[in-house]
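Beneath this line is the structure, given in structure tokens, with notes to follow.
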Amino acid sequence: MLSARWIRNNLDEAKEILERRGLQLDLDKFLSLDDERRDFIQKCDELKHKQNLYSKKIGKSRGEAKDPQNLIKEMQGVSAEMARYESKRKDLEKESRNFLLNFPNKLHSGVPRGNKNVEERRWGKLPQFEFPVKDHQQLGESLGILDFKSAARMTGRGFVVYKGLGARLERALINFMLDLHITQGYEEILPPFMTNAAATLGTGQLPKFREEIYKCERDDYYLVPTAEVPLVNLHREEILAEEALPLSYVGYSPCFRREAGAYGKKIQGIIRQHQFNKVELVKFATPQTSYEELEKLTLEAEEVLKRLGLSYRVMKLCGEEIGFSAAFGCDIEVWLPSQERFVEISTCSNCEDFQARRASIKFRDKENKSTHYVHTLNGSGLAIGRTVVAILENFQQENGRVLIPEVLRPYMQGEKWIEKS
RNA sequence: GGAGAGGUGGCUGAGUGGUCUAAAGCGGUUGAUUCGAAAUCAACUGAGUGCUUCAACAGUACUCCGUGGGUUCAAAUCCCACCCUCUCCGCCA
């Protein structure tokens, strides 16, 4: 969330943000709303001030055994007037807040101009195959490790059952990634997989993306669309000590997304599911170090692909592609031989103070003892399902077997191959 | 799910309708004292919003005693609903 004052004082930049992100919001309407809101705040404060003064007088004269009836009469009128102003003021503040909650984050100066992402770096050699490659869906089904039919029967479209070595591969990846990030200095968190409305609003999923998340209606809880939600909310409504920063957390969670309206060949199989597993990285940092920390976080996520031996590239996201809550972000994209293209497997973002303002997460700086919003950063490290896709496709053999990357074998009781049992 | 107790500043904790501004203590910061430290003494000590042309670690007003409503001229205090914590009971992996 941006502050109303910032938008008021930086109108041109606010317009530019909307334009570059391809969004439309009525800024003029907001400005007049904001003027009105401030008028009403002033009016209410004046009346309240009068009320406070007279209340004291009334109390005092009662203590002196005088009858303050005339004062009370007058204040009844003031009170009635204030009730009218107060209710209008509340409406205006609600409307203003609602606008601000739906306004996206600023764009950092490093965000590429135009509507194309920009390649930042690339790692690894693209694999060459001397036989026709299969996609992960064909491989998974023929190896008997991915079962879409059973999942559709027990739940519905957009879900999958992992079986045998497929399930073990998924679980091995979760543990491998968690262990790697722990050695990079992250503290492991196993959070709740449901969050309340306040937490879900804090990270920016509500109110704008209501259609994208699953809600447990009876209890007003939301299934997490990413572990970013609980991890960032670890410190909601807290003031942290500057010395404690940066704080780094890694957490595994399943992620639940409605993916309303998403279909097509590019998302077939387990590329896009309503439920998938993910290991998430979150950092809380000072504004001075947040971009340095983002660079580290991105490299720490990339390290997973390096150790698995999967080719990837890192793309700086342009204004249209960057997330609602993020001021700057990079995608890590892994090579998929069946599609002959790179596919997103992680997004690493700096939300700056956008989430911190919503969730009220601050730090107290040591010198002048004032408080400031922290910067929050997050990145997948990595999406597990898509990592399975990449492993199946990149390490497939002509006979349909799949070579398990060496770093995962200790997590799979030394298995070297995924093959039909 | 049922019964009971509770939720007050960074922490402990007093405050059952107004006159005094949420007492007091702890912690923290600064200063005095000291060669230095401890002890002692003194001062200071939260967040948000509006206004002061803009900004502010400046001034001022308002708000904040779990959350949201209500009663009243006036609410931490009275009423209602909800949330959370603790104790006991029930159910349960």
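Residue numbers begin at 1 in each chain, while the letters A, B, ... track the order of the sequences. The analysis underlying the following values was restricted to heavy atoms, covering all of them including side chains, and did not include hydrogens, waters or symmetry mates. Just so it is clear, the model here is predicted, and its values are computed rather than measured.
Listed by first residue number, the stems of RNA chain B with at least three Watson-Crick or G-U pairs below 3.5 Å are B:1-7 with B:83-89, B:10-12 with B:24-26, B:27-32 with B:40-45, B:46-52 with B:58-64, B:66-70 with B:78-82.
Taking the ring centroids of A:His235 and A:Tyr249, they lie under the 6.0 Å cut-off. Taking the six-membered ring where the residue is Trp, the centroids of A:Phe324 and A:Phe209 are separated by under 6.0 Å. The ring of A:Phe354 has its center no closer than 6.0 angstrom to the ring center of A:His375.
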Polar atoms only, N or O, under 3.5 Å: list the protein pairs with nucleotides 10-19 of chain B and their distances.
residue : atom : partner : partner atom : Å
B:rG18  : N7   : A:Arg62 : NH2          : 3.2

Close N or O pairs between protein and nucleotides 53-55 of chain B (under 3.5 Å):
residue : atom : partner : partner atom : Å
B:rA55  : OP1  : A:Arg5  : NE           : 2.9

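Residue A:Asn196 is out of contact with every strand shown, counting any heavy-atom pair closer than 4.0 Å.
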*Check the pair A:Glu16, A:Arg20 against salt bridge (Lys or Arg N to Asp or Glu O under 4.0 Å), reporting the backbone distance first and the verdict last.*
CA-CA 6 Å; A:Glu16 194 195 325; A:Arg20 287 178 66 190; 3.5 Å; yes

*Take A:Asp45 and A:Arg89 through the test salt bridge (Lys or Arg N to Asp or Glu O under 4.0 Å) and record every step on the way to the result.*
CA-CA 11 Å; A:Asp45 282 1; A:Arg89 169 192 169 157; 3.6 Å; yes

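Here A:Leu308 contributes atom CG and A:Glu406 contributes atom CD; the two are 11.5 Å apart, rounded to the nearest 0.5 Å.
The existence of a salt bridge linking A:Glu352 and A:Lys106 is excluded, since no basic side-chain nitrogen approaches an acidic carboxylate oxygen closer than 4.0 Å.
Between the P atom of B:rU63 and the NZ atom of A:Lys43 lies a distance of 16 Å, rounded to the nearest Å. Across the protein-nucleic acid pair, A:Glu86 atom CD and B:rA75 atom P stand 11 Å apart, rounded to whole Å.
Across B:rG28 and B:rG90, the matching C1' atoms stand 47 Å from one another, rounded to whole Å. Atom P of B:rC92 sits at a distance of 41 Å from the matching atom of B:rU77, rounded to the whole Å. B:rA43 sits 12 Å from B:rA24 when the P atoms are compared, rounded to a whole Å.
For A:His49, no side-chain nitrogen or oxygen approaches OP1 or OP2 of B:rA61 to under 4.0 Å. An OP1 or OP2 oxygen of B:rU49 is reached within less than 4.0 angstrom by no side-chain nitrogen or oxygen of A:Arg38. Not one side-chain nitrogen or oxygen of A:Lys362 sits closer than 4.0 Å to the OP1 or OP2 atom of B:rG46. For A:Arg37, a side-chain nitrogen or oxygen approaches OP1 or OP2 of B:rG50 to under 4.0 Å. One finds a side-chain N or O of A:Asn52 lying less than 4.0 angstrom from the OP1 or OP2 phosphate oxygen of B:rC62. Applying the 4.0 Å criterion to OP1 and OP2 of B:rU63, one finds that A:Lys48 has a side-chain N or O inside that range.
Judged purely by distance below 3.5 Å, without hydrogens or angles, the side chains of A:Glu302 and A:Tyr312 pair a donor atom with an acceptor atom.
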